Amino acid sequence: GVSDSNYNEYILSLMKPEKLNVLTIHAEVEGIICAEMFEHFLKEALSRKISFIPLGTFLQEQIPTDYATLVAEKIHGREGWVAYQAQDNT
């Protein structure tokens, strides 16, 4: 099982350099309740040469990727936009 004591290591183990990795951050959790744990996560990730950019920046700059096509759209009933992987129609 995943617990507070092994959560960061578990998430870091899922990140693959050859893949597009998207991590959803919630202000209520990582910014408040688990802020200290999230700070440790960021420090460990940076020590492993893992870098981060906001998904909005990724989408606005249309950073090329061979892994997936990302789309950002507004969805009725939700504030702001939602990003998701586009369906491959090939």
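None of these values were measured; they are calculated from a predicted model.
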### Query
Excluding sequence neighbours, so at least two apart, what forms side chain to side chain donor-acceptor pair (under 3.5 Å) with Ser5?
Ser3
### Message
Phe52: which residues meet the side chain to side chain contact (heavy atoms under 4.5 Å, CB included) condition with it, sequence neighbours left out?
### Response
Met15, Phe41, Leu42, Ala45, Ile50
### Message
Strictly by salt bridge (Lys or Arg N to Asp or Glu O under 4.0 Å), give each pair with a member in residues 1-10 just once, sequence neighbours left out.
### Response
Glu9-Arg48
### Task
Any chance you could lay out the side chain to side chain contact (heavy atoms under 4.5 Å, CB included) test for Leu12 and Leu14, step after step, and finish with the verdict?
CA-CA 5 Å; Leu12 289 165; Leu14 296 176; over 6 Å; no
### Task
Quick one: name the residues clustered hydrophobically with Leu46, using the 4.5 Å side-chain heavy-atom rule over I, L, V, M, F, W, Y, and just say none if it's on its own.
none
#### Entry: Qualifying residues under side chain to side chain donor-acceptor pair (under 3.5 Å), relative to Glu36, sequence neighbours excluded
none
### Task
For the residue pair Val29 and Phe38, establish whether any side-chain heavy-atom pair is separated by less than 4.5 Å.
no
### Query
Given side chains that start at C-beta, do those of His26 and Glu30 come closer than 4.5 Å, heavy atoms only?
yes
### Query
CG/Asn8 to NZ/Lys43 distance, rounded to the nearest 0.5 angstrom?
12.0 Å
### Cluster check Ile53, Val22: I/L/V/M/F/W/Y, side chain < 4.5 angstrom
yes
### Task
Check whether any side-chain N or O of Asn21 sits under 3.5 Å from a backbone N or O of Lys16 as a donor-acceptor pair, and report yes or no.
yes
